[in-house]
Amino acid sequence: MRAGQMYDARNPGGPDLPPELPSGLPSDLLPSDLLLDRLGLAEPAFEDRMRTALAEAEQRLLPGTDEGPDPRVTAITGHLVEAGGKRLRPLLVLLGAEFGDPAAPGIAQAAAIAELVHLASLCHDDVMDGADTRRGRPSLHARWGERAAVLGGDWLLARAAQLAAGLGPAAVHLNAQAAGRLVAGQLRELTGPGPDVDPVTHYFRVAAGKTAALLAMSLGIGAVQAGAPAPAAAALTEYGEQLGIAFQVADDLLDLRAPAGSTGKERGRDLLAGVQSLPVLLAREGADPADAELRALLTGGAVSAADAARALELFERSGALAEAGAVMHRRLDRARAALDALPALPARRALSALCDHVALRTG
Ligand code: FPP
Ligand code: MG
């Protein structure tokens, strides 16, 4: 977003994005404003409060550099912020804050911290993956080069640290812990399980770091900043941990079984990249003789383009997708169970509906 431009939650990318949700827009790209609609809350006062608070958080993402405006630096640091996104993490911060005093100071800053850490991790992830696009636009490194992309991510991380310092030691701790877990998760994925670690156990450790840590932190920082009781903050954090793993498994499933175009990602992309997703690991580790051909295709890591179509066909018949689906549902059940400790507020209903949304995405 450019300086002085009003944030429009239905059009977070600015005037060059269509103002309404076009049919067929991948659900991954739903702005949280529309995600709120999808959560089926029908609670107008609550929804309005969320939308206002999301817009306020959005304003905190791009303050400019301390040394004064430099158009090229601003373009790099703002590249991913301006690309929009569903702003799930800020929404989780706000939902967590509902269990304390949502009008307490610092909630918008906390919501911005969660999104900034996420965006920083995406800048670096796209460099690592050599991904040319992100959120339907050229990735930061495709546009400005790898070195600029690393520094752009560093800047976002520094901005998050600066905001956390303004909130106090609890926020500083949560921010640093989440960033550390993200990096450790990514490093685990990079280095692989090693000879003594079960690959499925390793998968869950990676997912806990890469995906769950920041969702859990988002809910936790919102609750803490709003002065929610400690048991509520703990329940929300546990919900985030379980939702995060379910999210990762849902992503894995969508790669293998979504109809083309419905996720914004090409089907089988993870297979081609040799990603050891949960269904891949379960198929590889399984002993069903009917899966022998699939196992043979998966043992070499990255699947060739020629073999990918066959592997996708074989996955449809294998039990690995159903098994991974059951894992996802168990995690969603655990997330919902964590909500039982919370008062029956609209925010609790929204968090429960988010679990249903994840389950529905995977069909
Ligand atoms: C997306 O994974 C990547 C992440 C969820 C985390 C990446 C973390 C790092 C690069 C560590 C650095 C972290 C910080 C805080 C600077 P993906 O490649 O599976 O998903 P994608 O399809 O969205 O790219
Ligand atoms: Mg990636």
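What you see below is based on every heavy atom in this structure, not just the backbone, and it leaves out hydrogens, waters and symmetry mates. Just so you know, ligand 1 is whichever comes first in the structure, and atom 1 is the first atom listed for that ligand.
Within the 4.5 Å cutoff, side-chain heavy atoms of Met217 are placed close to those of Ile113.
Residue side and main chain included, Asp129 places an N/O/S atom under 2.8 Å of the Mg ion (ligand 2).
For Arg188 and Tyr203, the positive end is not near the middle of the six-membered ring at less than 6.0 Å and at most 45° from its axis.
Ion pairing between Arg349 and Glu43 holds under the 4.0 Å rule for side-chain N and carboxylate O. Using a 4.0 Å cut-off between charged side-chain N and carboxylate O, Glu316 and Arg257 make no salt bridge. A salt bridge between Glu56 and Arg51 is absent, with no side-chain N of the basic residue lying under 4.0 Å from a carboxylate O of the acidic one. A salt bridge does not link Arg295 to Glu285: none of the charged nitrogens lies less than 4.0 Å from a carboxylate oxygen. Checked for salt-bridge contact, Arg284 and Asp291 miss the test: no charged N lies under 4.0 Å from a carboxylate O.
In the candidate list Val183, Leu190, Val206, Asp270, Val183 is nearest to atom 12 (C) of ligand 1, counting heavy atoms.
Considering backbone and side-chain N/O atoms, Asp129 comes within less than 3.5 Å of an N/O atom of ligand 1. Checked by distance only, ligand 1 and Gln186 stay at 3.5 Å or farther apart across all their nitrogen or oxygen atoms. On a distance-only criterion, Asp125 and ligand 1 share at least one N/O pair closer than 3.5 Å.
Contact analysis puts Arg269 in contact with ligand 1, with a non-hydrogen atom separation below 4.0 angstrom. Proximity of Leu182 to ligand 1 is established by a heavy-atom distance of less than 4.0 Å. Residue Glu189 places every heavy atom at 4.0 Å or more from ligand 1.
No hydrogens or angles considered: nothing links the side chains of Arg336 and Gln242 as a donor-acceptor pair under 3.5 Å.
Every atom of ligand 1 with a heavy atom of Arg134 under 4.0 Å away is listed here by number and element: 21 (P), 23 (O), 24 (O).
Contact annotation for Leu157 and ligand 1: only side-chain heavy atoms (C-beta onward) come within less than 4.0 Å of the ligand.
Closest to the Mg ion (ligand 2) among the N, O or S atoms of Asp125 is OD2.
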